[in-house]
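Whatever order the structure lists ligands and atoms in, that order sets their numbers, starting from 1. The structure presented is a predicted model; accordingly, all values stated were derived computationally and were not measured.
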Amino acid sequence: MNKYKVAVVGATGVVGRTILKVLEEKNLPVSEYCLFASKNSAGNKLKFNNKEYIVQELTENSFDSGFDFAIFSAGGDIAKKFAPIAVERGCVVVDNSSAFRMDKDVPLVVPEVNKDELKNHKGIIANPNCSTIQAVLVLAPLNEAYKIKRIVYSTYQAVSGAGKKGILDLENGIKQYYSNTDGNNEYELQKFPYPIFNNCLPHIDVFLENGYTKEEEKMINETRKILGRSKLPITATAVRVPVFNCHGESINIEFNDIYEINDAIEVLKSAPGVVIKDDLENIEYPLPTEVSGQNDVYVGRIRRDFSLKSGLNLWVVGDNIRKGAATNAVQIVEELMKM
Ligand code: NAP
C-alpha cells in the first residue's frame, strides 16, 4: 500500500487539534506528517501519534518538499493564498474554510452523501460548513425517499464553532459571573459583539445586505449544492448559544410526496453516520453534552408537522468540531487515498 505525506495547516487551532486526534484514531497509511500554523506558533510542540512534532510557520515555500495531501483549517484568507500554491506543487487540498465551497470546479463533499463528487476534483476539495454537514446527513436520505419541497433551519450553535476566541469569551463570562460579585472584573470580548454567557446571539458571521447572516446564507447555498437541488426553497436563522461544543438544529421539512412517520424513521435508521435517539417515555433525545466527542450525528424529536400536508420536524445534534469539520475532512482524505 502507498504511504502518503500529509500536511495539516492550522494544526494549533480548535479544528486542527481535533484533526490530529482523528488522524491518530484512523491510522491512515501516512509516512510523514508536517504541522503548520502562523509564525506565533512556530517552534511550539504538539504531541501526536506518540511523537512530538515541531509546529512550522506556513510560508510560500512550505509545500516545496512535496505533499500528497494537505488539510487546511486556518481560515479563508490563508486558504485563498496558500491552497493554490500547494496544488501547484502537486498536493491535493481539503479546505475547511468557506473560501472555495461555492466554486463550481470545487466539490463540496460529505462522504456519506456525495463522495462520487471527489472524482471531479481539480486539486481542491471543500469541507462544508459545520451546520450544513450535520443537516445534510439526515436530509439527503429523506430527499431521496420523499423529495424535499422546502426546508426551515433554526440553529443553536456552540461557541467552539467560533474557534479559540469564541471559547475564551464563554470561559471568561463564566469566570466573571462566578468570581465577581462587585462587577469590577471586566473582561475584553475576543470574538462576539456581546457577552455570550447567559445570552443567545442571533448573529453568526457577518450580516449581508439582504438581512441574513453569512452563516445562514452558507447553510442555504451549501445544502442546495450538496443535495444537487439548486433552487430548493430554504430559509435559516442561525443563533449562537452558550454551549461549549455541539450544534443543535431544529429542521422543519416539507415534502412533495406523502410519507408515513414510521417509514421516515426507517429511512433515518439506515442513514450512514446518523444515530436515532428518540425515546420520549424515557425522556431521551440528543443533547450536546452527550454528542460531544462523537463522529455520528444524532437525531430525535422526530414528529409530523401537522400544519402541512406532508411536513416533518427533527432535532439534530452534531459535534461541530468532529463531524462538522475534522472528521469529515479526514474522511475525505481517506476516500481520496482509496481512489
Ligand atoms: P482557530 O481555533 O482560531 O484556529 C485557527 C488556526 O489557523 C490556528 O492554527 C492558527 O495558528 C492558524 N492560522 C492563523 N493565521 C495563520 C497564518 N497566517 N498562517 C498559518 N496558520 C494560521 O479556528 P478554528 O475554529 O480551528 O477554525 C479554522 C477554520 O476551520 C476556519 O476557516 C473555520 O471557519 C473552519 N471551521 C471551523 C469549524 C468550527 O466548528 N470551529 C467548523 C467548520 C469549519 P496560530 O495558533 O499560530 O494562530
Side-chain angles (χ1 to χ4, degrees), residues 7-22 34-46 48 53-63 70-83 85-86 93-101 108-110 125-135 155-171 190-192 204-206 213-215 218-219 222 238 240-241 243-249 288 291-293 297 317-332:
V8 179
V9 176
T12 52
V14 173
V15 174
R17 285 170 190 266
T18 308
I19 286 171
L20 299 183
K21 274 192 213 152
V22 177
C34 286
L35 312 188
F36 297 102
S38 79
K39 72 165 178 266
N40 300 334
S41 306
N44 287 359
K45 291 174 185 154
L46 284 180
F48 153 61
Y53 285 82
I54 310 279
V55 177
Q56 301 174 45
E57 179 187 354
L58 182 70
T59 69
E60 288 173 14
N61 302 322
S62 294
F63 300 95
I71 309 177
F72 275 59
S73 48
D77 292 342
I78 303 298
K80 274 188 203 149
K81 180 170 175 194
F82 291 96
I85 297 175
V93 171
V94 178
D95 178 40
N96 261 302
S97 81
S98 59
F100 305 105
R101 287 181 192 150
L108 184 64
V109 175
V110 177
I125 293 119
N127 212 36
N129 179 272
C130 40
S131 332
T132 310
I133 292 177
Q134 69 183 68
T155 72
Y156 304 73
Q157 297 184 220
V159 294
S160 59
K164 290 188 272 198
K165 291 182 175 170
I167 295 171
L168 210 57
D169 276 358
L170 180 54
E171 282 174 351
Q190 303 290 312
K191 184 72 187 180
F192 304 120
I204 300 182
D205 210 330
V206 295
T213 59
K214 201 170 165 202
E215 180 80 0
K218 282 186 242 175
M219 284 193 80
E222 294 178 24
R240 187 75 69 192
V241 295
V243 165
F244 277 110
N245 198 35
C246 286
H247 294 345
E249 295 178 355
V291 176
S292 192
V297 161
V317 178
D319 185 326
N320 50 297
I321 305 298
R322 279 203 166 240
K323 185 55 185 169
T327 305
N328 200 69
V330 175
Q331 278 178 299
I332 290 173

- Message: Side chains of N129 and E215 only: does a donor on one sit below 3.5 Å from an acceptor on the other?
- Response: yes
Could you pull out every donor-acceptor pair under 3.5 Å between side chains of residues 163-171 and any protein atom, sequence neighbours left out?
residue, atom, partner, partner atom, Å
D169, OD1, Q190, N, 2.6
D169, OD2, Q190, N, 3.4
D169, OD2, K191, N, 2.8
D169, OD2, F192, N, 2.9

- What do the steps show when you test I321 against R17 for side-chain contact (heavy atoms from CB on, under 4.5 Å), and what is the final call? CA-CA 10 Å; I321 305 298; R17 285 170 190 266; over 6 Å; no
- Note on the structure: For Y156, the ring pair (Phe, Tyr, Trp, His ring centres under 6.0 Å) test, sequence neighbours excluded, returns W315
- side chain to side chain donor-acceptor pair (under 3.5 Å) partner of K218, chosen from T213, D205, T132: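 The passing option is D205.
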- Query: Which parts of the protein, at residue level, reach under 4.0 Å of ligand 1 through a heavy atom?
  - Reply: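 G10, A11, T12, G13, V14, V15, A37, S38, S41, L58, S73, A74, G75, I78, N96, S97, C130, S160, G161, G163, K164, N320, I321, G324, A325.
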- Message: Show me the pairs that pass salt bridge (charged side-chain N to carboxylate O under 4.0 Å, His left out) and involve residues 319-330, at least two apart or across chains.
- Response: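 Sorted result for residues 319-330: E25-R322, E112-K323.
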